[in-house]
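Here the structure comes first, spelled out in structure tokens, and everything after it is commentary.
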Protein chains: 2
Amino acid sequence: MAQRGPYSKSAALRAQILDEALRIIGDNGYTGATVQQIADAVGMSKPGVLHHFGSRDALFTAILQRRDEVNAGGYSMDSFTVEDLIATVRHNTTVPGLVALYSALTGEATSHGELSTSREFFADRYRMVVGALTEAVRLAQVNGLVDLDRDPAVIARLLTAASDGLQTQWLLDPSIDMAADLEELWRTVLVGPPGRP
Amino acid sequence: MAQRGPYSKSAALRAQILDEALRIIGDNGYTGATVQQIADAVGMSKPGVLHHFGSRDALFTAILQRRDEVNAGGYSMDSFTVEDLIATVRHNTTVPGLVALYSALTGEATSHGELSTSREFFADRYRMVVGALTEAVRLAQVNGLVDLDRDPAVIARLLTAASDGLQTQWLLDPSIDMAADLEELWRTVLVGPPGRP
DNA sequence: GTCTATACCAAGATAGAC
DNA sequence: GTCTATCTTGGTATAGAC
């Protein structure tokens, strides 16, 4: 079937590059992702790949974005729950290359001053994730699972922060159980209301 | 006074370079630290600076190491307490450039495969920090401040992870209060014993 | 042992041919 | 839309002056 319009071949190829990149990084791990690696993998030249993304930063940001889309198969990103967060962290144990890519790009986005594609992406992503988790915590409060004294936004930021930080520690020492630790944090928030007489 | 031995001029100059780097990054912020920036700042050529450190990675690792030494003015690194952690995070609010450098180097160390100077540094550092915090939590348990059911090592990892993750969120959105959030986490662990009837 | 100068290589960005 | 060629920047390796 012949495709036409702005989303025909171009978008399809973009998606193909991203999925191929996800596969490679997932399988072969990740060691300082270069545009060349991706280009070789999809049988294209460096500028050929960049043509579809504009820059290295935009390319790797798109890869992480695509991963989020794939992962969100089950849940929609804006109804993301604490259980989803824990499940995601547990799943990440099986794709260290992608965790490493996430870690690397986070470092670049937060440090390389100017407004970059990745910086925008992560800022938006944290807004979305923390926002959704805040709602989840609020719901837990309504259901009597979390003490009403707690600030849901603070809990949401802490859960998000812990999952990021645990991934860093896990990359350096894979013997730690990220998901179990994160569950313990959630359990602490759940069953430990402050000032209980 | 003439200096002699292996620690004379060499060590002094090394220290001078590191302190100058700390000052610059603290003041002017950090934007993708290059060796050239440091070299210009200390009035030296690129290879001149590298002569004292061997590689870019080793240079920036040494900068973070030096920062730890300076910060540890009060406490010794192996008797690091939860209060020290919170105080450090609060202090970091005043030096965003150094937080950014820490974030950037963490990303590189965790992702660029092979064993690098920075990877060793961070692995050791987490071992040390988590180890010290584990002791601190254990002590809190002895004093009846933390429930005995909890695993001190898990709490220590979570506190460390949260402080890292909060710094990432803060770099992207400086309006959040990292120290307050971290205090809330510690308070949750302190006053919320599980299974309390 | 300390540093400059220089050369070199890898990687991202860009221009222009097809 | 994709390539080749080129430019720039950043890290690294070597030679040699002091």
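In what follows, chains are A, B, ... by sequence order, proteins preceding strands, each numbered from 1. Remember, it's a predicted structure, so these values are computed and weren't measured experimentally.
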Strictly below 4.0 Å, N to O, side chains only: are [X] and [Y] in salt-bridge contact?
| X | Y | value |
| --- | --- | --- |
| A:R56 | A:E108 | yes |
| B:D68 | B:R125 | yes |
| A:R90 | A:E83 | no |

Legend entry - CA sep, side-chain torsions, deciding dist, call: B:D124, B:R127, salt bridge (charged side-chain N to carboxylate O under 4.0 Å, His left out): CA-CA 5 Å; B:D124 282 354; B:R127 260 192 293 274; 2.7 Å; yes
Inset, instruction - Enumerate the residues from residues 104-120 of chain A whose closest heavy atom to DNA chain C is under 4.0 Å, giving them by residue number; use none for an empty result. - result: none
Inset, instruction - Counting heavy atoms from C-beta on, name the nucleotide in D:dG1, D:dC3, C:dC3 closest to the side chain of B:M44. - result: C:dC3
Inset, instruction - Check for a donor-acceptor pair, side chain of A:Q169 on one end and backbone N or O of B:R157 on the other, with a separation under 3.5 Å. - result: yes
Legend entry - Spatial distance of atom CZ (A:R138) from atom CZ (A:R150) [nearest 0.5 Å]: 15.5 Å
[atom1] of [X] versus [atom2] of [N]: gap in Å, rounded?
| X | N | atom1 | atom2 | result |
| --- | --- | --- | --- | --- |
| A:R14 | D:dG1 | CZ | P | 12 Å |
| B:L59 | D:dG11 | CG | P | 9 Å |
| A:H51 | C:dC18 | NE2 | P | 18 Å |

Legend entry - nucleotides 11-17 of chain C: protein proximity per nucleotide (B base, S sugar-phosphate only, - neither; heavy atom, under 4.0 Å): SBSB---
Inset, instruction - Test A:Y102 against A:F122 for ring pair (Phe, Tyr, Trp, His ring centres under 6.0 Å), laying out the working first. - result: CA-CA 10 Å; A:Y102 180 92; A:F122 282 109; 5.5 Å; yes
Legend entry - Min side-chain heavy-atom separation B:I17-B:F53 under 4.5 Å: yes
